[in-house]
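Shown next, in structure tokens, is the structure this report addresses.
The first residue in the sequence is number 1, and the count goes up from there. No hydrogens, no waters, no symmetry mates; every other heavy atom, side chains included, goes into these values.
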Amino acid sequence: MALVFASMIACENLEPIDENRLTIDYIGSDPGSAEGVLLKGYKGLINQYAFSEAATDDAVNNQLDNGYKRIATGELSAQYMPGVSRWNKFETVFYLNHFLEIAEAGKVRWHLDSRMNQLFEDRLKGEALGLRGLYHFYVLQAHAGVGTSGNLTGVPYFTEFTKADGNFNVPRLSFEATVENIMADFDQAIELLPSVYTAIESEKDDKYADVPIDTFSVVNGPQYKLRLTSNIVQGLKARLALFAASPAYLNGQGYYETAAETAAKVLNKNGGIAGLDPDGIEYYTSDNSINTGEMLWRSQLGGDNDTYERRMYPPSAFGSGEVNPTHNLVMAFPMANGYPATEANGFDPQAPYTNRDPRLQKYIVTNGSSIGGSTINSGYGGGADRVDSIPEQSTTTGYYLRKLLRPDVTISNIGSTKKKHYNVYFRYTELFLILAEAANEIGGPDYAVEGISARDVIAAIRERAGITQPDGYLTSTTTKEAMRELIRNERRLELSFEGHRFWDLRRWDMDLNETATGYYNDGTQYEELPTVENRDYPDHATYMPIPYKEVLKFSALEQNNGW
């Protein structure tokens, strides 16, 4: 970690100052330069385009050297964990600590007006604390686990800016101590941040009651709307609490209550159950989708591109068909009436996509459906789109990915119709599912937190999805155990291909080695492809390792058991 910071301080003793190099003292007194250090915290946020599902039972990547494929099929080790190691997120933590030291020193004048200066300082410190907590959570989510000592262990928690020659040989805290440190940063951030960036008097928080709207909007106006708010940090706090409460970690211990109560506060500010965005199911399909009520936290709308479509479209639509949803995932989508897709409930193996949950066709390209201007035949006679037709281009499972792709992007030999995309960091649907999972674990399907129960949430999500009403299957789900399975399945569907499944399986302490399967039409009938890709995780892979090079460098770091 020490090398990360060398460039930040290498110029400290240079005389005279080169105009292209800034000293620590200058950065600590110039507001633009100081804020630039804080903005480093927005550069490494994790978004929905990781496609780590290819390391789970939900998908297979058709690229032979894909890192997720390789770790899922036996190569995961302390030396090799591409895409899932997050130890490097500590780099951003030190930038944020540097900014907080600058802010505490009080040498930066953010505004000539003393009241505005204090408001700026509070908000910027709140952002830094919230981001510091988030980056520690990233590391905790990836690297917490039962250590060689047999104890459930977290990660180091850094609250100071350490120079390159400083001490980085710091032991890991206990798991719960790490969680509480993150919680403390989140709670401070919530106190310092506005819940919304606005120029409308009625939308201000009560804590700003004595601040004129003209003053407030200079510091906390809509020009900052993509930056952290107290509502976002409360969402992050709820996410952390649910993670901590999960079976692989603390298995409750009050954290389900924290998750449910914190989520409910934010959701009720947004209208409660009625605030579930009716268009949130396909939040990514148009430029206008950035204006929906589905986004708790997102990036700005990017420039026109077709990057993901070129990676994911089938070959006939001029794509590489990279991420192939599994038949395992397809069978997780229920029938249109909400009952599981079994033959007893009307599932027909020879008409497998008929009378199914509408989300199936919205998220996955099945045999006979269309995308990118092409009708896709992944079975017999399908040409380049057929299963295993062209290595590293054609599907391996019989399915192609639709979710996250712009349906209005078309690609051809003579050009492409490109469209805008944006990164998502937190959706309201995830917050609803956090509340549902936590509330059910506390008191069962009908236990209400701030007026919202797990049944309320799942009913609203399934009705939005297009499940036939009344939802008889939901009505028949009366025990905590049955509701738990339903919530987990709804989370699997609603948050599919957004980077959650890899971590959810681990925090639930579930089987990581379910074989990836496919489905193929041989021209006369459909048949299952029972072994598209075997999963080969060791038993201790519920907890990811600390990178070997870090354990080698720093003797105080305890490795997770088995690695």
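- Checked against side chain to side chain contact (heavy atoms under 4.5 Å, CB included), Leu226 has the following partners two or more places apart in sequence or in another chain: Arg298, Gln300.
- Distance alone, capped at 3.5 Å, is enough to place a donor-acceptor pair between the Lys89 side chain and the Gly44 backbone.
- Within the structure, the ring-ring contact (aromatic ring centres under 6.0 Å, His included) test picks out no pair touching residues 490-513 (sequence neighbours left out).
- Within the 6.0 Å centre-distance limit, the rings of Tyr543 and Tyr249 are counted as a close aromatic pair.
- Contact annotation: the side chain of Ile487 approaches that of Ile458 to within less than 4.5 Å [non-hydrogen atoms, C-beta and beyond].
- Heavy atoms of other residues, nucleotides or ligands lying less than 6.0 angstrom from NZ of Lys225 number 12 at most.
- Using a 30° and 60° split on the angle between ring planes, Phe243 and Phe137 fall in the perpendicular class, above 60°.
- Remark: the backbone N or O of Glu498 is paired with a side-chain donor or acceptor of Glu53 at under 3.5 angstrom.
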Please report the C-alpha distance between Tyr425 and Trp297 in whole Å, then the side-chain angles of each, then the deciding distance to 0.1 Å, and finally whether the ring-ring contact (aromatic ring centres under 6.0 Å, His included) criterion is met. CA-CA 5 Å; Tyr425 310 125; Trp297 192 19; 5.1 Å; yes
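- Partners of His136 by ring-ring contact (aromatic ring centres under 6.0 Å, His included), not counting sequence neighbours, listed by chain and number: Phe90, Tyr157.
- Geometric assessment of Lys403 against the ring of Tyr363 yields a positive cation-pi assignment under the 6.0 Å and 45° thresholds.
- Looking at Lys69, its side chain never comes within 3.5 Å of a backbone N or O of Leu64 through a donor-acceptor pair.
- Ring pair His540/Trp563 is perpendicular by interplanar angle, where above 60° counts as perpendicular and below 30° as parallel.
- A donor-acceptor contact shorter than 3.5 Å links the side chain of Asn97 to the backbone of Phe158.
- Listed by first and then second residue, the salt bridge (Lys or Arg N to Asp or Glu O under 4.0 Å) pairs involving residues 241-253 amount to none (not counting sequence neighbours).
- In this structure, Glu257 and Thr262 have side chains that are not in contact, with every pair of non-hydrogen atoms separated by 4.5 Å or more.
- In terms of modelled atom types and a separation under 3.5 Å, the side chain of Asn169 and the main chain of Ala556 share a donor-acceptor contact.
- Applying the side-chain hydrogen bond (donor to acceptor under 3.5 Å, both in side chains) rule to Thr517 yields the partners Asn328; only residues at least two apart in sequence or on another chain are considered.
- Contacts of Ala72 classified as side chain to side chain contact (heavy atoms under 4.5 Å, CB included), with partners at least two apart in sequence or in another chain: Ala55, Arg535, Tyr537.
- Applying the salt bridge (Lys or Arg N to Asp or Glu O under 4.0 Å) test to residues at least two apart or on different chains, the pairs with a partner in residues 167-186 are Arg132-Asp185.
- Under the 3.5 Å distance criterion, the side-chain polar atoms of Asp122 are left unmatched by any main-chain donor or acceptor of Leu192.
- Shown here are the ring-ring contact (aromatic ring centres under 6.0 Å, His included) partners of Tyr49, two or more places apart in sequence or in another chain: Tyr308.
- Asn440 places no side-chain N or O within 3.5 Å of a backbone atom of Ala454 that could act as its donor or acceptor partner.
- Considering only residues two or more places apart in sequence or on other chains, Glu75 meets the side-chain hydrogen bond (donor to acceptor under 3.5 Å, both in side chains) condition with Arg70.
- Panel note: side chain His143, backbone Ser85; no donor-acceptor pair is recorded below 3.5 Å.
- For Phe94 and Phe168, the ring centers sit closer than 6.0 Å to each other.
- Under the rule for a side-chain hydrogen bond (donor to acceptor under 3.5 Å, both in side chains), Asn251 has no partner lying at least two apart in sequence or in another chain.
- Scored by the side chain to side chain contact (heavy atoms under 4.5 Å, CB included) test, Lys207 finds Asp205 as partners (sequence neighbours excluded).
- A search for side chain to side chain contact (heavy atoms under 4.5 Å, CB included) contacts involving Asn151 returns Ser149, Thr153, not counting sequence neighbours.
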